[in-house]
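Lettering of chains follows the sequences in order, A, B, ..., and the numbering in each one begins at 1.
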Amino acid sequence: MKYTALKGVHDILPPDIFIWQKVEKAVKDIFSAYGFQELRPPIIEATEIFIRSIGETTDIVEKEMYTFTDKAGRHITLRPEGTAPAVRCYIENHLYTLPPPQKFFYYGPMFRYERPQAGRFRQFFQIGAEAFGVEDPKIDSEIISMLKLFFERLGLKNLNFEVNSIGCEKCRPDYKKALLNFFSDKINGFCPDCKRRFEQNPLRILDCKVDECIQLRQRAPRVTEFLCSNCRKHFDTFLSFLKLLNIPYVINPNMVRGLDYYTRTTFEVTCEHLGSQNAVAAGGRYDKLVEDFGGPPTPAIGFAAGMERITSLLKSSGNREIPAPAVFIATIGSPAEKEGLVIASTLRGKGIWVEVGYSGHSLKSQMRKADRLSAEYVLIIGDDEINSGKLKWKRLSDRTQGEISFNEVYNFFIAPYL
RNA sequence: GUGAGUGUAGCUCAACGGUUAGAGCGCUGGACUGUGGCUCCAGGUGUUGGGGGUUCGAGUCCCCUCACUCACCCCA
């Protein structure tokens, strides 16, 4: 084979594409019921945007970005995530002058240079949603509720909703200090990764998978114990709304998010059937990011859901709906073939999916073809039908058949589809 | 970036180091010459991922390389 797709990227084609379309439809239906409108930012942005938002020392920025300089020497990056571009878009287009909340969703490919594995790719599609301008935890609960409804619409089961609060710029430093203090005499027992984490990002020690580290952190202070009164109140109210909305959740104080911009509420929707990368959606508040980007102080919250992870769950739970033509026109002989082509064209003009046979195949093989396509009806036209002025129809599902005159065809097929 | 596993027909997979690398599915045609699904018959395809080595002989063993898969790191 001369050319193959690049590592970690994939063609999406039938029948998988039907699952993708199903998800895309659910996004539009559910998200619009919550008043989220679509945003289509570009796929490339100035590199600086990602460095400043995601964080200079994160893996995404340090080693995973597709970055290049264009012909004018600008530093450009293929977006590795969607929040930073959405924030840039919000500020640049002065959307903060509109009444809050401003709620948006977006859908499209993201790019990270990583080793591919189950649920992880170099080009991957995310569904993102962002709500700007509201601090009220009510909107946090609406976001979770929207996700729950979205997954329910898709028929996904066995999902876990994990929530946490990582505090604000006031209380988080205190927690970080307490954590460092607690771990300082345990460094020697850590795995090599956690020794590194202790220096770079001690919060990450909390979700290490190595047994020794899990043991050592048993009695570690919990972030929820260090929340300032405002954050505490925000979190408690958020949780009370989740209860009100009947959303089963688990507080996971060890859940830390990888991106620097998060504040207060964070959450993840996970599923055991996904393999090691078990999050189908994740997000949180980023109350300082708009301000950091030069906009007015604007609280905000958002999430991203991984399209490939969602479609893989749908695939493994037996989603196999393949669209089928309404009519297959089988013809014998040249006059009939011409007649069939005209009928096909007319029905298609009414939006009916019609397939025709090709290259003079036998009636038998055309019938077989119609069957393979799962066509609902077959129209049979041959010399007899041309002469009698009546063509034959057959419904494949129950083998019923009959005759109709040529000028009845349109009512016969079009009426049921109006 | 680190580690492990797998590469054979369009797909899923067989083949103790030993003849001409097979089967199922799918596809096309026929039996049924104008009626699909079931059955039967017929038909075609391989640089065994690529390169090198060991051997009388390599799909099989060894080395290199590439790709894919899974896991770590990290993350949707």
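- When both pairing distances are held under 3.5 Å, B/G3 makes a Watson-Crick or G-U pair with B/C70.
- Among the heavy atoms of the strands lying under 4.0 Å from A/R204 are primed sugar atoms or P, OP1, OP2 only; no base atom is included.
- Taking the six-membered ring for Trp, A/Y286 and A/Y261 have ring centres closer than 6.0 Å.
- Side-chain atoms of A/E130 and A/Y106 form a donor-acceptor pair, as typed in the model, at a separation below 3.5 Å.
- Going from atom CG of A/D398 over to atom P of B/G37 covers 17 Å, rounded to whole Å.
- Place A/Y113 and A/A279 on RNA chain B by their nearest nucleotides, and A/Y113 ends up nearer the 5' end.
- Taking only side-chain nitrogens and oxygens, A/K392 never comes nearer than 4.0 Å to OP1 or OP2 of B/G34.
- Using N1 to N3 plus N6-O4 or O6-N4 for Watson-Crick, or N1-O2 and O6-N3 for G-U wobble, each under 3.5 Å, B/C11 pairs with B/G24.
- Atom CG in A/D59 sits roughly 6 Å away from atom P in B/C75 (whole-Å rounding).
- Nearest to the side chain of A/Q117, among B/C72, B/U35, B/A76, sits B/C72.
- Comparing the same atom, C1', in B/A9 and in B/G49 gives a spacing of 14 Å after rounding to whole Å.
- Distance CZ (A/F50) to P (B/A76): 14 Å, rounded to an integer number of Å.
- Remark: A/K28 is not positioned above the aromatic ring of A/F31, lacking an NZ or CZ atom under 6.0 angstrom from the ring centre and at most 45 degrees off the axis.
- Neither OP1 nor OP2 of B/U28 sits under 4.0 Å from any side-chain N or O of A/H361.
- For the P atoms, the distance linking B/G7 with B/A15 amounts to 11 Å, nearest Å.
- Within the nucleic acid shown, A/E64 comes within 4.0 Å of sugar-phosphate atoms alone, with no base atom in reach, counting heavy atoms only.
- The partner of B/U19, taking Watson-Crick or G-U wobble pairs whose two distances both stay under 3.5 Å, does not exist in any strand shown.
- Using a 3.5 Å distance cut-off with no hydrogens or angles, the side chains of A/T270 and A/N278 do not pair a donor with an acceptor.
- Contacts between residues 363-374 of chain A and RNA chain B, defined by a heavy-atom separation below 4.0 Å, involve A/L363, A/K364, A/S365, A/M367, A/R368, A/D371, A/R372, listed by number.
- At a threshold of 4.0 angstrom between heavy atoms, the contacts of A/G119 include nucleobase atoms, whether or not backbone atoms are also involved.
- Ring pair A/F198/A/F190 is tilted by interplanar angle, where 30° to 60° counts as tilted.
- Residue A/K209 has no polar side-chain atom (N or O) positioned under 4.0 Å from OP1 or OP2 of B/A71.
- Residue A/E62 is classed as having no contact, given no heavy-atom separation below 4.0 Å to the nucleic acid.
- Of the candidates A/L147, A/N164, A/L242, A/D140, A/L147 is the only one forming a side-chain contact (heavy atoms from CB on, under 4.5 Å) with A/F267.
- Across B/A23 and B/U45, the matching P atoms stand 12 Å from one another, rounded to whole Å.
- Distance CD (A/E403) to P (B/U35): 15 Å, rounded to an integer number of Å.
- Interface remark: the A/R309 side chain does form a donor-acceptor pair with the B/C75 base, using a distance-only criterion of under 3.5 Å.
- Using P as the reference atom, B/G29 and B/C61 are 42 Å apart when rounded to the nearest Å.
- Taking only side-chain atoms of A/I332, from C-beta outward, the nucleotide of B/A71, B/G34, B/A76 with the closest atom is B/G34.
- Taking atom CZ on A/R120 and atom C1' on B/C73, their separation rounds to 8 Å, with Å as the unit.
- Both A/A305 and A/D193 sit near RNA chain B, but only A/D193 has its closest nucleotide nearer the 5' end.
- Look at the P atom in both B/C73 and B/A14: the space between them is 32 Å, to the nearest Å.
- At a cut-off of 3.5 angstrom, the base of B/U35 holds no donor-acceptor pair with the side chain of A/R399.
- B/U55 sits 13 Å from B/U60 when the C1' atoms are compared, rounded to a whole Å.
- Rounded to a whole angstrom, the distance from the C1' atom of B/G24 to that of B/G5 is 26 Å.
- Listed for the A/R285 side chain is a donor-acceptor partner under 3.5 Å among the backbone atoms of A/E135.
- Using a 4.5 Å heavy-atom threshold, the side chains of A/I404 and A/K390 count as separate.
- Under a cutoff of 6.0 Å and an axis angle of 45°, A/R122 and A/Y113 form a cation-pi pair.
- Using a 4.0 Å heavy-atom cutoff across all strands shown, A/V280 reaches sugar-phosphate atoms only and no base atom.
- Base pairing annotation: B/U55 forms no Watson-Crick or G-U wobble pair, as no partner gives both donor-acceptor distances under 3.5 Å.
- A/F328 comes within contact range of no nucleotide atom at all, as no heavy-atom separation falls under 4.0 Å.
- Put simply, A/S276 has no side-chain N or O that comes within less than 4.0 Å of OP1 or OP2 on B/C70.
- In this structure, the CD atom of A/Q401 is 10 Å from the P atom of B/G36, given to the nearest Å.
- Distance CZ (A/R115) to P (B/C70): 12 Å, rounded to an integer number of Å.
- Rounded to the nearest Å, the gap between the C1' atom of B/G22 and that of B/G59 is 12 Å.
- By the 30° and 60° cut-offs, the orientation of the rings of A/F104 relative to A/Y90 is perpendicular.
- Rounded to whole Å, the distance from CD1 on A/I380 to C1' on B/U35 is 5 Å.
- Nucleotide B/G46 forms a pair with no other nucleotide shown, judged by Watson-Crick or G-U wobble geometry with both contacts under 3.5 Å.
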